[in-house]
Amino acid sequence: MRIAVLDESKAGEPRVAVTPETIGKMKAFGGQVVVEKGAGTASSIPDSAFEAAGATLAKNANDALKDADIILAVRRPKGELAGKMKSGAVLLAIMDPYGNGEAIQPFANKGVASFSMELMPRITRAQVMDVLSSQANLAGYRSVLDACEIYGRAFPMMMTAAGTIPAAKVFVMGAGVAGLQAIATARRLGAVVTATDVRPAAKEQVLSLGAKFIAVEDDEFKQAETAAGYAKPMSAEYQAKQAALVAEHIAKQDVVITTALIPGRPAPRLVSKAMVESMRPGSVVVDLAVERGGNCELSVADKVSDHNGVRIIAWSNTPGRLAPSASALYARNLLSFLDTMVDKKEGKLAINWDDELVKATCLTKDGALVHPIFAPKA
């Protein structure tokens, strides 16, 4: 059972899909791991560490993919690499299928069984495989560190003989995994933290972390969560009331961190140009949703921009800014999912196509795009 891993740093992705730890565990159930040279360099994993764990090095992507039964990746490989994969191979990656049917089609054409890790259902059994949570947790942490660096002032209140420096005021918009970690990190650094979310369940979580909850808590707010735990799109009337409350609040903040993303939809616009202009010079906005268009009207992807003295941070791959940690968690997510697909006694693939995790994540199989959301409609 040959398992291939590619060097994605050449395409600007610093994370890697395996670590020496996960290689050792894959070898234990019969996996022969082949890693393209340099794949872990940007995650501070030298080729020698992969070799010491029992992996074989391949000089390029073609050599790594040759005869591979399983391909592990962070991002969806480029379409031309699909032609190098063998029919019947299994691909596990963040496939980004929304609006990208043409990019996924080459894998279907080649007969590759591809699985989109970000479609993993949020159920208890799958928590250890939840790449969205593992990566968002790091993104929330890193967003506060990025804000600290650019803000240039102290976060905690500091009382000195020369006077008192007030604590920074941090406002976190969206209290999912990334938002809650941002709240916790900002609190640990001594900031005064407030947060908002349209999901009623988020209020208790925000309060438990020592932050104050900001929201229009009317009847619509009480019904604003899907069965899967995501925020529902809100009515125009509610959005107007919430925007007015938020606009007044933002004007008093030093740091605003936005984390609102709904799978398959453009990121909701939470921070307008007028809101940014109401903030004091030296304030900071961190937009964690820029990969889907951004929560802030003025965000420019992969740049720190300046608008009237307010700095706007908009990195499209914030987890990648903590590549060693992000790779370690992501590699464990992949290993846990792969573990459900392997017959350990026989040392070979044995996918249960009726497994709810398989059904939820399988994009392509037997030459077709098969996922019910993304398959072409009859």
Side-chain angles (χ1 to χ4, degrees), residues 3-19 22 36 39-40 42-43 61 70-79 81-82 85 89-108 112-122 126-140 142 176-178 230 259 261-265 267 288-293 301-302 315-338 340-341 357-358 360-364 369 371 373-374:
I3 303 170
V5 179
L6 305 180
D7 175 14
E8 301 181 55
S9 65
K10 294 178 291 188
E13 173 55 71
R15 293 172 290 178
V16 65
V18 294
T19 62
T22 61
E36 184 181 358
S43 289
I70 300 164
I71 300 101
L72 303 181
V74 181
R75 303 280 185 176
R76 179 184 66 240
K78 292 182 179 179
L81 288 178
M85 300 176 187
V90 168
L91 168 63
L92 307 184
I94 298 172
M95 296 292 288
D96 190 21
Y98 294 98
N100 290 315
E102 290 186 6
I104 293 167
Q105 194 59 46
F107 301 97
V112 172
S114 65
F115 295 84
S116 191
M117 292 299 296
E118 70 268 46
L119 299 180
M120 190 67 65
R122 287 188 160 174
Q127 285 181 339
V128 71
M129 311 167 201
D130 188 350
V131 301
L132 293 181
S133 292
S134 73
Q135 302 304 291
N137 192 47
L138 290 170
R142 181 69 203 209
V177 174
Y230 292 107
T259 70
L261 274 174
I262 301 174
R265 296 193 179 101
L288 290 182
V290 72
E291 64 183 292
R292 288 285 177 189
D302 295 317
W315 304 120
S316 58
N317 184 5
T318 300
R321 292 170 61 74
L322 293 165
S325 297
S327 295
L329 296 183
Y330 181 75
R332 290 173 196 157
N333 293 147
L334 291 182
L335 175 67
S336 297
F337 190 29
L338 185 60
T340 70
M341 299 178 164
L357 305 185
V358 170
T361 56
C362 184
L363 282 181
T364 63
L369 187 56
H371 197 283
I373 295 177
F374 308 105

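Here the shortest heavy-atom pairing between Phe107 and Met85 reads CE2-CE, 3.8 Å. Among all heavy-atom pairs drawn from Ser336 and Val128, the shortest one is OG-CG2, 3.4 Å. Here the shortest heavy-atom pairing between Ser327 and Thr19 reads O-CG2, 4.0 Å. Of all heavy-atom pairs between Pro121 and Leu357, the closest is CG-CD2, 3.6 Å. The two residues Leu288 and Ala178 come nearest to each other via the heavy atoms CD1-CB, 4.3 Å. Nearest heavy-atom pair across Ala73 and Leu334 is O-CD1, 4.2 Å.
When atom types are taken as modelled, the side chain of Ser43 and the backbone of Pro14 share a donor-acceptor pair closer than 3.5 angstrom.
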Problem set entry | Derivation and outcome, side chain to side chain contact (heavy atoms under 4.5 Å, CB included), residues Thr340 and Met129 | CA-CA 11 Å; Thr340 70; Met129 311 167 201; 3.8 Å; yes
Exercise. Can you check side chain to side chain contact (heavy atoms under 4.5 Å, CB included) on Leu132 and Val177, steps first, answer last?
Worked result: CA-CA 9 Å; Leu132 293 181; Val177 174; over 6 Å; no
Problem set entry | Candidate pair Thr361 and Met95, rule side chain to side chain contact (heavy atoms under 4.5 Å, CB included), full reasoning | CA-CA 10 Å; Thr361 56; Met95 296 292 288; over 6 Å; no
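Rounding to the nearest 0.5 Å places CG of Leu369 at 7.5 Å from OG of Ser114. Summarising the geometry, atom CG belonging to Leu91 is positioned 5.5 Å from atom CD1 belonging to Ile71; distances are rounded to the nearest 0.5 Å. Atom CE of Met341 and atom CG of Leu92 lie 5.0 Å apart (nearest 0.5 Å). How far CG of Leu338 is from CG of Asn333: 12.5 Å, rounded to the nearest 0.5 Å. Note that OG of Ser134 is 10.0 Å distant from CZ of Arg332, once rounded to the nearest 0.5 Å. Annotation: the span from Thr318 atom OG1 to Gln135 atom CD amounts to 11.0 Å, rounded to 0.5 Å.
The side chain to side chain contact (heavy atoms under 4.5 Å, CB included) search around Asp96 returns Arg76, Asn100, Glu118, Arg292, not counting sequence neighbours. Glu13 meets the side chain to side chain contact (heavy atoms under 4.5 Å, CB included) test with Glu8, Arg15, Val74, Arg75, Asn317; sequence neighbours excluded.
Leu363 is not listed as a side-chain neighbour of Phe115, based on a closest heavy-atom distance of 4.5 Å or more. In this structure the side chain of Leu81 reaches within 4.5 angstrom of the side chain of Leu6, judged on heavy atoms. Leu261 is listed as a side-chain neighbour of Glu291, based on a closest heavy-atom distance under 4.5 Å. By the 4.5 Å heavy-atom criterion applied to side chains, Glu36 and Lys10 are counted as neighbours. Two residues are said to be in side-chain contact when any heavy atoms from C-beta on lie closer than 4.5 Å; Thr364 and Phe374 fail this criterion.
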